[in-house]
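Residues: numbered from 1 along the sequence shown.
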Amino acid sequence: MLGPLEVFADGASVRLQAPKQRRLLAALLIAHGRPLSPDTLVDAVWGGSPPPSARKLLQVYTSQLRKSLDGGARIVSGPTGYALELEAEALDAARFERLVGEGRQALRDGNAQLAESLLTRARGLWRGSAYADVAYDDFARTEAERLEELRLVAFEEWADAQLRLGRHADVAAELVAVAAAHPLRESMQALAMLALYRSGRQAAALELYATTRRLMRGELGLEPRRELRELQGRILRQDPDLERDEAPARRSRLPAAPNVLVGRERELAELRALLVRPDVRLVTLT
């Protein structure tokens, strides 16, 4: 996702071999349609040591990039510089942010099943780190960090939905692994503790809290927040409310078909085509 080797949705992509062109594309993407001056782009492409011919090379790279673009994108030039114009949700990042927003809203509405579906689709759009090989450069760092933070938020919301659906055993191992990678992120530790406790691993849940507390006191000089301390207390006394799904009213199963579906090849083909479209959220069969 936003590699920028493969940045566009629906299978469209831009494959650039030249590192300078990749940096140029990344800078234009990060601007979100705002025009960037040639000086700004020169700084993004070459950093603090541009060659004397940087401006002419920038024109060459821009021309080459124009020929490479697809997925409803084009570079326009104006009196203030260059801008990258994109169709709505031409980027995986835009689709990702929309799906995360919709998933979080579904979770707030108590619809854990819809939230899990939307957030699973959002997570599936990632294919590596945000902005990959330029993520630590000055021009890309803020946007890369923003997307990586939103990625963690999406994972937490997805895990929350899974826990509400009673799938703690399915997500416990992944939650513990991600929590270990982000040991000072209390919201992640809380989800991992709850998954462990519901999986019958009370001692592991309490050990995770103890490790988190020790790290926070050693590295930050702080105690865990009240929410995490209260969760530890509830685990210690085996609060029966911890075993309950928070959204049981939304859990349901479709009835099994009374007989085998025969034929309908055309209808099935139409359904498959609809279900893989990114703009289709719901298909109703009558």
Side-chain angles (χ1 to χ4, degrees), residues 1-2 7 9-10 29-30 32 86 88-131 135 142-198 212 224-228 230-231 241-242 244-252 275-284:
M1 176 179 176
L2 296 180
V7 295
D10 304 326
L29 285 169
I30 290 168
H32 297 292
L86 300 170
E89 295 198 5
L91 288 182
D92 282 345
R95 294 173 60 201
F96 170 72
E97 293 194 57
R98 174 180 61 80
L99 288 167
V100 171
E102 292 176 355
R104 299 182 77 181
Q105 184 59 53
L107 205 56
R108 285 193 291 268
D109 293 341
N111 193 339
Q113 287 183 326
L114 177 59
E116 187 275 335
S117 175
L118 291 167
L119 292 163
T120 296
R121 290 173 60 189
R123 294 184 65 208
L125 293 173
W126 283 80
R127 297 185 295 275
S129 301
Y131 286 99
T142 299
E143 179 66 2
E145 290 176 350
R146 184 186 72 85
L147 287 170
E148 291 290 351
E149 170 62 23
L150 190 57
R151 183 183 192 177
L152 285 174
V153 169
F155 177 80
E156 289 177 337
E157 299 285 351
W158 172 84
D160 190 3
Q162 296 281 14
L163 292 176
R164 296 190 192 202
L165 294 169
R167 300 171 183 166
H168 40 271
D170 297 333
V171 299
E174 186 175 5
L175 260 174
V176 169
V178 178
H182 303 276
L184 299 178
R185 193 177 181 92
E186 292 179 75
S187 52
M188 194 76 74
Q189 309 309 312
L191 289 166
M193 288 168 60
L194 183 57
L196 288 169
Y197 178 75
R198 287 187 176 179
T212 302
R225 289 200 301 263
R226 178 171 57 87
E227 294 82 359
L228 199 62
E230 289 180 351
L231 177 59
D241 287 341
L242 288 179
R244 298 175 185 170
D245 298 332
E246 297 181 36
R250 291 286 184 176
R251 299 181 67 187
S252 62
L275 290 172
V276 298
R277 282 174 45 183
D279 58 324
V280 173
R281 292 182 52 199
L282 177 69
V283 177
T284 303

Kindly indicate whether the side chain of [X], heavy atoms from C-beta on, has any atom under 4.5 Å from the side chain of [Y].
{"X": "Leu29", "Y": "Leu86", "value": "yes"}
{"X": "Leu107", "Y": "Arg164", "value": "yes"}
{"X": "Arg127", "Y": "Asp92", "value": "yes"}
{"X": "Leu231", "Y": "Tyr197", "value": "no"}
{"X": "Trp126", "Y": "Leu147", "value": "yes"}

Please give me the minimum heavy-atom distance between [X] and [Y], naming the atom from each residue.
{"X": "Gly103", "Y": "Ala115", "value": "O-CB, 3.4 Å"}
{"X": "Leu119", "Y": "Trp158", "value": "CD1-N, 3.5 Å"}
{"X": "Ala122", "Y": "Phe96", "value": "O-CD1, 3.3 Å"}

Output yes when a side-chain donor or acceptor of [X] lies under 3.5 Å from a complementary backbone atom of [Y], and no otherwise.
{"X": "Glu148", "Y": "Ala130", "answer": "yes"}
{"X": "Arg198", "Y": "Leu163", "answer": "yes"}
{"X": "Gln189", "Y": "His182", "answer": "yes"}

Legend entry - With sequence neighbours excluded, residues passing side-chain hydrogen bond (donor to acceptor under 3.5 Å, both in side chains) with Glu174: Arg123
Spatial distance of atom [atom1] ([X]) from atom [atom2] ([Y]) [nearest 0.5 Å]:
{"X": "Leu191", "Y": "Gln162", "atom1": "CG", "atom2": "CD", "answer": "11.5 Å"}
{"X": "Leu114", "Y": "Gln105", "atom1": "CG", "atom2": "CD", "answer": "10.5 Å"}
{"X": "Leu242", "Y": "Met193", "atom1": "CG", "atom2": "CE", "answer": "9.5 Å"}
{"X": "Leu99", "Y": "Arg104", "atom1": "CG", "atom2": "CZ", "answer": "13.5 Å"}
{"X": "Leu196", "Y": "Leu175", "atom1": "CG", "atom2": "CG", "answer": "8.0 Å"}

Inset, instruction - For the pair Arg95 and Leu125, evaluate side chain to side chain contact (heavy atoms under 4.5 Å, CB included) and give the outcome as yes or no after the intermediate values. - result: CA-CA 8 Å; Arg95 294 173 60 201; Leu125 293 173; 3.8 Å; yes
Inset, instruction - State which residues pass salt bridge (Lys or Arg N to Asp or Glu O under 4.0 Å) with Arg226; sequence neighbours excluded, sorted by chain then number. - result: Glu230
Inset, instruction - Using distance alone, with no hydrogens and no angle criterion, decide if Ser117 and Gln113 have a side-chain donor and acceptor under 3.5 Å apart. - result: no
Legend entry - Trace of the side chain to side chain contact (heavy atoms under 4.5 Å, CB included) decision for Glu97 with Leu150: CA-CA 8 Å; Glu97 293 194 57; Leu150 190 57; 3.5 Å; yes
Inset, instruction - Scan for salt bridge (charged side-chain N to carboxylate O under 4.0 Å, His left out) pairs involving residues 176-187, sequence neighbours excluded, and state none if there are none. - result: Glu149-Arg185, Glu156-Arg185, Glu186-Arg225
